[in-house]
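What follows is a structure written as structure tokens; I'll ask about it next.
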Amino acid sequence: MAARELIEDESVLSLDEIRGLFNHFFRKTHKLLNVATLEPWILHLDSRMRRFGITPTQYRALPHANKGAARESALTHFEDYYDELFQRRHDCIHNCDRPKNALQPITHTKVEKVIEDIEFLVGRCHNAFLDEFPRYLTTIGFNAVTRNQVTQ
């Protein structure tokens, strides 16, 4: 119910807002959407080049010494990509899809990819939250019985 209220009250249209809303549930070393925790997202089965600027296969092929820089680059690409998606959504709703007075082209394929990309973002955030939430409950003093009831 709290999540539903948050969604109804908030229009979460930036990765910074997503981080702000959820990172207080995460350990300092496992914050959402940062270089240290991005690798599972890059290697996810549904990962795409358009989101990260690198494919899972290309990332796996990198020497270990280059993976940190690749994650930094992938995070920057990811943030820029989603900023564009959020801006396009804003332009569609508030400017009749005419930023700077020019009608923007849109295709059925593009719409399907955007939906897929938003579903990817929501799914990965949801999974990261579910993985971290039991630890959060432990740190604030909930016992195992309560934790198991809440996280089922």
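We use all heavy atoms of the structure for the numbers below, so side chains are in, but hydrogens, waters and symmetry mates are not. Please read these numbers as outputs of a predicted model, since none were measured by experiment.
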- prompt: Who are the salt bridge (charged side-chain N to carboxylate O under 4.0 Å, His left out) partners of E84, not counting sequence neighbours?
  reply: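 Checked E84 against salt bridge (charged side-chain N to carboxylate O under 4.0 Å, His left out); zero matches.
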Any donor-acceptor N/O pair, R71 side chain to A36 backbone, under 3.5 Å: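 Checking the backbone N and O of A36 against the side chain of R71, no donor-acceptor pair under 3.5 Å is found.
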- prompt: What residues form a side-chain contact (heavy atoms from CB on, under 4.5 Å) with N127, not counting sequence neighbours?
  reply: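 Only R124 meet the side-chain contact (heavy atoms from CB on, under 4.5 Å) criterion with N127.
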- prompt: Do the side chain of Y82 and the main chain of D117 share a donor and acceptor less than 3.5 angstrom apart?
  reply: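 Checking the backbone N and O of D117 against the side chain of Y82, a donor-acceptor pair under 3.5 Å is found.
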message: Taking R88 first and then D91, would you say they form a salt bridge - that is, a charged N and a carboxylate O separated by under 4.0 Å?
response: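 Between D91 and R88 there is no salt bridge, as every charged N stays at least 4.0 Å from the carboxylate O atoms.
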- prompt: Between R19 and E79, does a salt bridge (Lys or Arg N to Asp or Glu O under 4.0 Å) hold up when you go through it step by step?
  reply: CA-CA 12 Å; R19 287 180 184 113; E79 290 170 339; 2.6 Å; yes
message: To the closest 0.5 Å, what do you measure between CZ (F22) and NZ (K31)?
response: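 Reported to 0.5 Å precision, the distance equals 13.0 Å.
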- prompt: What closest approach, in Å, do L75 and L38 show between heavy atoms, and which atom pair accounts for it?
  reply: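 For L75 and L38, the tightest heavy-atom pair comes out as N-CD2, 3.5 Å.
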field: side chain to side chain contact (heavy atoms under 4.5 Å, CB included) evaluation trace for F25 with E132
entry: CA-CA 7 Å; F25 295 107; E132 199 66 24; 5.8 Å; no
field: side chain to side chain contact (heavy atoms under 4.5 Å, CB included) assessment of T37 paired with T29
entry: CA-CA 8 Å; T37 60; T29 57; over 6 Å; no
task: Please round to the nearest 0.5 Å and tell me the distance separating atom CD1 of I18 and atom CG of N23.
output: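 Atom-to-atom, I18:CD1 and N23:CG are 10.5 Å apart.
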message: Surrounding CZ of F129 (heavy atoms of other residues, nucleotides or ligands, distance under 6.0 Å), is the total greater than 12?
response: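 Enclosed: over 12 neighbouring heavy atoms sit under 6.0 Å from CZ of F129.
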message: Can you classify the ring geometry of Y81 versus H77 as parallel (below 30°), tilted (30 to 60°) or perpendicular (above 60°)?
response: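 Rings of Y81 and H77: parallel, under 30°.
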message: So for atom NE2, which belongs to H108, do other residues, nucleotides or ligands contribute more than 12 heavy atoms lying within a distance under 6.0 Å?
response: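 At most 12 heavy atoms, drawn from other residues, nucleotides or ligands, come within 6.0 Å of this atom.
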message: Tell me if a side-chain donor or acceptor on N148 pairs with a main-chain N or O of A144 at a distance below 3.5 Å.
response: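 The answer is yes, because a donor-acceptor pair under 3.5 Å joins these two groups.
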query: Which residues pass the ring-ring contact (aromatic ring centres under 6.0 Å, His included) test with H30, sequence neighbours left out?
result: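 H30 satisfies ring-ring contact (aromatic ring centres under 6.0 Å, His included) with no other residue.
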task: Locate the shortest heavy-atom distance separating L85 from I118; write the atom from each residue and the value.
output: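 Result for this residue pair: CD1-CD1, 4.3 Å.
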query: Short question: side chain of T76, backbone of E72 - any donor-acceptor pair under 3.5 Å?
result: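 Yes, T76 side chain to E72 backbone: donor-acceptor pair under 3.5 Å.
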- prompt: Any Lys/Arg nitrogen of K113 or E116 sitting under 4.0 Å from an Asp/Glu carboxylate oxygen of the other?
  reply: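 E116 and K113: not salt-bridged.
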field: Minimum side-chain heavy-atom gap I54-L62 below 4.5 Å
entry: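 Heavy-atom side-chain distance check passes, below 4.5 Å.
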task: Mind running side chain to side chain contact (heavy atoms under 4.5 Å, CB included) on F133 and R147 for me, showing each step along the way?
output: CA-CA 9 Å; F133 194 61; R147 238 182 6 258; over 6 Å; no
- prompt: Does the cation-pi check pass for R48 over F120, that is, NZ or CZ under 6.0 Å from the six-membered ring centre and within 45° of its axis?
  reply: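 No - R48 does not lie over the ring of F120 by the 6.0 Å and 45° rule.
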query: Hey, what do you get for CG (D131) to NE2 (H126), rounding to the nearest 0.5 Å?
result: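 That separation rounds to 9.5 Å.
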query: Rounded to the nearest 0.5 Å, how far does CE of M49 lie from CD1 of I42?
result: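 That separation rounds to 12.0 Å.
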query: Are L15 and I115 connected in the hydrophobic side-chain network, where two residues link if heavy atoms are under 4.5 Å apart?
result: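 No; tracing contacts between hydrophobic side chains, which count when under 4.5 Å, never links both residues.
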task: Report the distance from atom CG of L32 to atom SG of C125, rounding to the nearest 0.5 Å.
output: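 The CG atom of L32 sits 4.5 Å away from the SG atom of C125.
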D83-Q87 side chain donor-acceptor pair, cut-off 3.5 Å: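 Absent: no donor and acceptor within the cut-off.
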- prompt: Any side-chain heavy atom of W41 sitting closer than 4.5 Å to one from F52?
  reply: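 Yes, side chains in contact.
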- request: Decide whether Y136 and R27 meet the rule of one side-chain donor and one side-chain acceptor closer than 3.5 Å.
  value: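 Checked: Y136/R27 side chains show no N/O donor-acceptor pair below 3.5 Å.
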- prompt: What distance separates T55 OG1 from R50 CZ, expressed to the nearest 0.5 Å?
  reply: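 Between atom OG1 of T55 and atom CZ of R50 there are 13.5 Å.
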